[in-house]
**Q** 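If you scroll down you'll find the structure; I have some questions about it.
All values reported here derive from a predicted model rather than from experimental measurement.
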Amino acid sequence: MRDRILTMIQIDQMTLEEKLRVMEALWDDLCQHEEDVPVPQWHKQVLDERESLIEEGKAEFHDWETAKKRIAERSI
């Protein structure tokens, strides 16, 4: 397993395409074992709250351009 672990130097030398392929492989592996990935309780609470808002018809949805603008305004 040690020979399969990428070091930070190796990662730094990878092309963007190679980095994206590694990220995709990691994500695919995590998805196969999602029950092993810990989920903080506050994540569950946020999702439950959002689901309730949707069910009650109180959720607000925004297109991607509007969302990006709102995010940019918050970070100023």
Side-chain angles (χ1 to χ4, degrees):
M1 172 137 157
R2 288 189 86 163
D3 58 329
R4 294 178 59 191
I5 297 174
L6 295 174
T7 65
M8 292 305 291
I9 294 172
Q10 290 171 312
I11 292 171
D12 190 48
Q13 294 172 354
M14 295 170 73
T15 66
L16 176 61
E17 183 177 342
E18 291 169 329
K19 291 175 184 177
L20 291 171
R21 284 186 188 161
V22 169
M23 286 176 44
E24 185 174 332
L26 287 169
W27 189 256
D28 287 345
D29 183 69
L30 287 170
C31 289
Q32 291 178 19
H33 310 282
E34 66 182 67
E35 66 280 352
D36 297 334
V37 179
V39 179
Q41 186 61 36
W42 71 270
H43 281 193
K44 293 177 184 177
Q45 290 171 336
V46 168
L47 292 173
D48 288 344
E49 289 170 12
R50 291 180 181 174
E51 187 173 43
S52 291
L53 288 173
I54 291 169
E55 289 172 358
E56 295 168 10
K58 297 178 181 177
E60 292 184 25
F61 298 93
H62 304 279
D63 62 72
W64 181 232
E65 291 305 316
T66 303
K68 286 193 297 186
K69 184 178 177 183
R70 291 180 66 199
I71 292 167
E73 289 171 353
R74 276 194 249 158
S75 62
I76 293 176

**Q** What is the minimum heavy-atom distance between His33 and Asp29, and which atoms define it?
**A** CD2-O, 3.1 Å
**Q** Could you tell me whether Glu35 atom CD has more than 12 heavy atoms of other residues or ligands within 6.0 Å of it?
**A** yes
**Q** Less than 4.5 Å apart, side chain to side chain, heavy atoms only: is that true for Glu18 and Val22?
**A** no
**Q** If you measure from CZ on Arg21 to CD on Glu24, what distance do you get to the nearest 0.5 Å?
**A** 9.0 Å
**Q** Could you check whether atom CD of Glu17 has more than 12 heavy atoms from other residues, nucleotides or ligands sitting under 6.0 Å from it?
**A** no
**Q** At what distance, to the nearest 0.5 angstrom, does CD of Gln13 lie from OG1 of Thr7?
**A** 7.5 Å
**Q** Might you confirm whether atom CD of Glu73 has over 12 heavy atoms from other residues, nucleotides or ligands at distances under 6.0 Å?
**A** yes
**Q** Do you know the tightest heavy-atom contact between Lys19 and Met14?
**A** CE-O, 3.4 Å
**Q** For the atom pair CZ (Phe61) and OG1 (Thr66), what is the distance rounded to the nearest 0.5 Å?
**A** 14.0 Å
**Q** To the nearest 0.5 angstrom, please state how far the CD atom of Glu55 sits from the CD atom of Glu51.
**A** 5.0 Å
**Q** One pair to check against salt bridge (Lys or Arg N to Asp or Glu O under 4.0 Å): Glu65 and Lys68. What are the steps and the verdict?
**A** CA-CA 5 Å; Glu65 291 305 316; Lys68 286 193 297 186; 3.2 Å; yes
